[in-house]
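Before any comments, here is the structure.
Proteins get letters first, then strands, A, B, ... in listed order; numbering begins at 1 in each.
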There are 2 protein chains.
Amino acid sequence: MMKTSEQEWLFLFEALANPIRLKIIASLHGKRKYVSELAREVGISRPLLYMHLQRLEKGGLVIGNLELSEDGKAVKYFELTDFNFHLTPQTIAEAVKGL
Amino acid sequence: MMKTSEQEWLFLFEALANPIRLKIIASLHGKRKYVSELAREVGISRPLLYMHLQRLEKGGLVIGNLELSEDGKAVKYFELTDFNFHLTPQTIAEAVKGL
DNA sequence: CTGACATGTAAGAATATTATTACACACGAA
DNA sequence: TTCGTGTGTAATAATATTCTTACATGTCAG
């Protein structure tokens, strides 16, 4: 959960810099969901959702887990990590030092 | 300093989602600078810097101030706002509610 | 064996962001 | 008046992101 390099911070910010991805985070808040379910809920195509989930995962905001449901079907669940970041001029200045 | 709408949060994240802009923030940390000075320091062209400063300003991270120096020349100074944001699943979920 | 779900990816189109180049103008010093 | 410094913008090129479409796979229920 602790970001060490500037690159990691960048991935975080890039992940957050999109309205659909914010919506995904909000939708995942409190309840994990599987991909198709989430695509219906957010109202976008599944391939598009995959792209967004990848970016969110890269930013360390969500984590995916492929499971086999009772009836033998593969289902991939996504849930939020419990991230907690503090943004101030200082934290950002420190992040850039490691450039 | 308090973000109320999702749009404002988005502007903030978009402002942060770029390595040059992080560098600008770091460079402005502790000391305000004028545009040409900052361009030299960060190592980019002035027109490009303008674009980045606009985005940073839109995100509420910096503020510009056009002044007349003693010798009558117009000089535009930029400085950091003292922002302070807290990022958790909850704060983001709340931001999206106002959609 | 077909239909209804699920996972996943590849290729290309559409759009947005980033970067460069070429302009304008103003002031003071040489 | 020319040079060096500062301001600012418009037009375009280069690149990256976002989105769509079309595919391929698998399981279960009917």
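Close to D:dG6, at under 4.0 Å from its OP1 or OP2, lies a side-chain N or O of B:Tyr34. Under 4.0 angstrom from either OP1 or OP2 of C:dA6 there lies at least one side-chain N or O belonging to A:Arg40. Taking side-chain N and O atoms only, B:Tyr50 has no distance below 4.0 Å to OP1 or OP2 of D:dT9.
B:Glu67 places its CD atom 17 Å from the C1' atom of C:dA26, with the value rounded to the nearest Å. Note: CG (B:Asn65) to P (D:dG6) measures 18 Å, nearest angstrom. Counting to the nearest Å, the P atom of D:dT20 and the CG atom of A:Leu49 are 12 Å from each other. Straight-line distance from the CZ atom of B:Arg46 to the C1' atom of D:dG4: 13 Å, rounded to whole Å. Look at NZ on B:Lys73: it is 16 Å from P on D:dC3, rounded to the nearest Å. Between the CG atom of A:Leu66 and the C1' atom of D:dT25 there is a distance of 13 Å, rounded to whole Å. One can place CD of A:Gln54 at 7 Å from P of C:dT9, the figure rounded to the nearest angstrom. Distance, A:Leu68 CG to C:dG8 P: 11 Å, rounded to whole Å.
Proximity of a side-chain donor or acceptor of B:Arg21 to a complementary backbone N or O of B:Ala15 within less than 3.5 Å is detected.
Across the interface with DNA chain D, nearest-nucleotide mapping of A:Gly72 and A:Pro47 shows A:Pro47 to be the residue nearer the 5′ end. Each of A:Phe78 and B:Glu70 was assigned the nucleotide of DNA chain C with the nearest heavy atom; the assignment lying further toward the 5' end belongs to A:Phe78.
No single ILVMFWY cluster, assembled from side-chain heavy atoms under 4.5 Å apart, contains both B:Val75 and B:Phe78. Follow the hydrophobic side-chain contacts under 4.5 Å out from A:Tyr34 and you never reach A:Val62; the two are in separate clusters.
B:Pro89 approaches A:Leu80 most closely through the heavy-atom pair CB-CD1, 3.7 Å. Closest non-hydrogen pair, B:Lys33 versus B:Leu38, comes out as CD-CD1, 4.2 Å.
As judged by a 4.0 angstrom heavy-atom cut-off over every strand, B:Lys76 is placed among residues touching the sugar-phosphate backbone only.
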Taking only nitrogen or oxygen atoms into account, show me every contact under 3.5 Å that the protein makes with nucleotides 16-19 of chain C, one pair per line with its distance.
residue: C:dT18; atom: OP1; partner: B:Asn18; partner atom: ND2; Å: 3.2
residue: C:dT18; atom: OP1; partner: B:Arg21; partner atom: NH2; Å: 3.3
residue: C:dT18; atom: OP2; partner: B:Arg21; partner atom: NH1; Å: 3.3
residue: C:dT18; atom: OP2; partner: B:Arg55; partner atom: NE; Å: 3.2
residue: C:dA19; atom: OP2; partner: B:His52; partner atom: NE2; Å: 2.9

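Classified by interplanar angle (parallel below 30°, tilted 30° to 60°, perpendicular above 60°), the ring pair A:Phe13/A:Trp9 is tilted.
Of the residues listed (A:Lys76, A:Lys73, A:Arg32), the one engaging A:Glu67 in a salt bridge (charged side-chain N to carboxylate O under 4.0 Å, His left out) is A:Arg32, and it is the only one.
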